[in-house]
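In what follows, a structure is listed as structure tokens, so that the remarks can point back to it.
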Amino acid sequence: MSAELFPERDRTVGARRTPSYVEELNSAQHRAATHGEGPLLIVAGAGTGKTRTLVYRVAHLLDQGVAAERILLLTFTRRAAQEMLSRVERLVGSRSRAVHGGTFHATAHRILRRHGEQAGLASDFTIMDQGDAEDLMQLARARTGMGEKGKRFPKKETLHALYSRHINTDEPVGALLRAEYPQFVEYEADIVTVFADYVQRKQERNLVDYDDLLLFWATMLEAAPALAERIAGAYDHVLVDEYQDTNLLQARILRGMCRTHQNITVVGDDAQSIYAFRGATVRNILDFPQQFPGTTIVALEENYRSVQPILDTTNTLISRAEERYTKQLYTKREGGDRPWLATAQDEPAQTRFVVERILELHEEGIPLAEMAVLFRAGYQSADLEIELAARNIPFEKWGGIKFLEASHVKDVLAFLRVLENPRDEVSWYRILLLMPGIGELTARAAIDSMVRAAWHHQAFAEFAAPSRARDAHRSLVQLLHALRDAPAEGEGVVGTQILTIRQLYDDILRRKYDRVDPRLADLDQLQTIAGGYPSRAAFLSALALEPPQGTQDLGFDGETEDDILTLSTAHSSKGREWDAVFVIWAVDGYFPMSRSLGDPLQVEEERRLMYVAMTRARNHLAVSYPLNVYDTRRGADYSLDQLSRFLDRGVRDTMHRVVVEPPHDEVSAERNGPMEIDLRAILKGRFGGS
DNA sequence: CACGCTACTATTTTT
DNA sequence: TAGTAGCGTG
């Protein structure tokens, strides 16, 4: 109607599908979404509609006539990228599909595949995930003879972490050693030798690690003007989510990408910075206005997620933090209960509390999919997982041990990798050691002979294996031969290749492991996943950058449930929200972790992590902790735990205290008189058990 | 030289 | 608990 009455006015508003920003955004969100050119910093507290604002901003840019393919949206996780892009599409339709969105690493990968050759990088490089990189570091450690310095020399994980920190932060190795690993300071020169060998090895084998992806991207932007022009020139607007979790290297990339324009939008919350361990620095967001002069700052403070009692608790918790953009989150959401603080006798009691409360809330009509249990570290949910499985409550676990880290999966992938990149020493080594009759020395001899043959195609076939390894050598040659002859591209080829590998490998697996079935099931799953990729190369790259979240044990296969409880590490919970959230193991030494206690900065990060976990809740929040922990690390005895230091007096005052009832079987034992004989303890005793 | 056995140890978080 | 370093045996 009004369109007919005011045709002119309608035209000035723009296309009909234009979202009505004013109606759907509050004034701060609106200001951010419709910001014009120039740097923009959106300081967005938890639950303040950060994603919504960013989504509308992309829509706004499209409406302003910016071509979709000239917008680059960088996020921290794949999930965030997918969610953002699909929400933009829902808002403005398919024209948004050309928006480039992804993680820093995935975007770097795309750019390197396209422009890497002009920077001296072979286009068929293989991406190593963290485990691969550590294995290669181990090789460097062993081959440089540094591993034999006695037990004091850092392990491959430590070496890799140190190397990665160095690349991501630009801090000199010596400084990092003094700050993080004072016990290894004396080995600085040796460590650098190992690093040099690692880098050398990486290049010879045509391998690229996660850090290289970012480093090469940044370097091309900074040191190759013509190349930088082509890379950065592809985009007119760059938007970055979770900016508080970027590191110096990523900041360099952003400066490079915005060298000709200043159209950079970053969104973040300094109170949710939780990735310092991988080089992220909250300074990036605190110093953004200095880095990009003329920055417009917009703060989002109205929380749409949580009820006020939850905000009271989380606001109090984070008010203890030191340096930050001060925000006081508020909400118009009335009512709601205070968060619970549940004291349990021990771990089983805590588990029982969580499960029973989940069932209770479920009875009240909250779907399992709207509930989550969060914890500091993956293993902390073990007891809960067993109980959930026993009670047939379907759950899905995020974070924790990943599918690809399982050694049997890595074994199978090693075969594919060798085919894809015959110089992949790490994978060769892995495969060779699997074979009966081949040990460390034979494996090294085989690799050395391949090196001498310049990794010629037949190099392995020509290797003169010692007699005890003859059979193994022959069957491996046959297998690789068959795989090389197999079609390289087309529907399902990778799955077929895995099937071929398993003709050899399944027997090895049965010999190597006790619990065979779940592992075989994992390989079935790997085969299924592989079926969706057109080529081996595509499959391997995708695995490094987009690891599947499949969990092996205790999963619920068969009928696919759609109402599933979420278990997640606090880290993996970032950016998500649920109706009801449980935070378990709120014990000093667990959350915060004991390892962080020596460093005030790390304790602060743990506090922010607790804040992230607790702010995921919309209506119900329960924090729980067991009083006694049976902990083998502290001797074979129960120890008394202390509540997490983050739940100090002031925070507790905003919460509702609950004490978990003792278990039912003890109650019934009391009814029947004292226990005369403990059958279970006797049985355990037979095996010298605990 | 491979391999099975035992003892030990270190155990976050993610791309 | 699981992965691994070290050791003894065949």
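Fair warning: this is a prediction, and the values are worked out from it, not measured in the lab.
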Suppose we screen for side-chain hydrogen bond (donor to acceptor under 3.5 Å, both in side chains). Which residues come up paired with A/Glu347, at least two apart in sequence or across chains?
none

Hey, which sits more toward the 5' end of DNA chain B by its nearest nucleotide, A/Glu440 or A/Gln602?
A/Glu440

Partners meeting side-chain hydrogen bond (donor to acceptor under 3.5 Å, both in side chains) with A/Ser573 (sequence neighbours left out)
none

Which comes earlier along DNA chain B counting from the 5' end, the contact point of A/His571 or that of A/Arg468, where each point is its nearest nucleotide?
A/Arg468

Contact class for A/Phe76 (heavy atom, under 4.0 Å): base, sugar-phosphate, or nothing?
sugar-phosphate

Residues that A/His105 engages under ring pair (Phe, Tyr, Trp, His ring centres under 6.0 Å), provided they are two or more places apart:
A/Tyr210

Between P on B/dT14 and OH on A/Tyr210, what's the gap in Å once rounded to a whole number?
12 Å

Rounded to whole Å, the CG-P distance (A/Asn247 to B/dT14) equals 16 Å

Heavy-atom distance under 4.5 Å between the side chains of A/Tyr611 and A/Thr314, does that happen here?
yes

A/Phe277 and A/Tyr275 aromatic ring geometry - parallel, tilted or perpendicular at 30°/60° bounds:
tilted

Which residues pass the side chain to side chain contact (heavy atoms under 4.5 Å, CB included) test with A/Ala613, not counting sequence neighbours?
A/Leu374, A/Ala570, A/Val583

Quick one: which of C/dA5, B/dT12, B/dT15 gets closest to the side chain of A/Thr103?
B/dT15

Phosphate oxygens OP1/OP2 of B/dT14: is one of them under 4.0 Å from a side-chain N or O of A/Thr569?
yes

Quick one: A/Leu432 CG to B/dC1 P, roughly how many Å, whole number?
15 Å

Can you check the A/Met610 CE to B/dT13 P distance for me, whole Å?
16 Å

Quiz question: going by heavy-atom distance under 3.5 Å, is there a donor-acceptor pair between the base of B/dT13 and the side chain of A/Arg376?
yes

Nearest-Å distance, OH (A/Tyr275) to P (B/dT15)?
6 Å

Close residues, residues 158-171 of chain A, relative to DNA chain B [heavy-atom separation under 4.0 Å]:
none

Sequence neighbours excluded, the answer for side-chain hydrogen bond (donor to acceptor under 3.5 Å, both in side chains) partners of A/Arg474 is A/Asp471

Whole-Å distance between C/dT4 P and A/Asp135 CG?
9 Å

Dump the pairs, protein N or O against N or O of nucleotides 3-7 of chain B, anything under 3.5 Å, distances to one decimal.
residue : atom : partner  : partner atom : Å
B/dC3   : OP1  : A/Gly437 : N            : 2.5
B/dC3   : OP2  : A/Ile438 : O            : 3.4

Do side-chain atoms of A/Arg252 reach the backbone of A/Asn247 as a donor and acceptor pair under 3.5 angstrom?
no

With heavy atoms under 4.0 Å as the rule, sort A/Lys156 into base, sugar-phosphate or nothing.
sugar-phosphate

Partner set under side-chain hydrogen bond (donor to acceptor under 3.5 Å, both in side chains) for A/His473, not counting sequence neighbours:
none

Please report the distance, rounded to the nearest Å, between CD in A/Gln272 and C1' in B/dT13.
15 Å

Spacing of A/Gln130 atom CD relative to B/dT15 atom P, expressed in whole Å:
11 Å

Qualifying residues under side chain to side chain contact (heavy atoms under 4.5 Å, CB included), relative to A/Arg452, sequence neighbours excluded
A/Asp448, A/Ser449

Report yes if at least one side-chain N or O of A/Ser572 is closer than 4.0 Å to OP1 or OP2 of B/dT14; otherwise report no.
yes

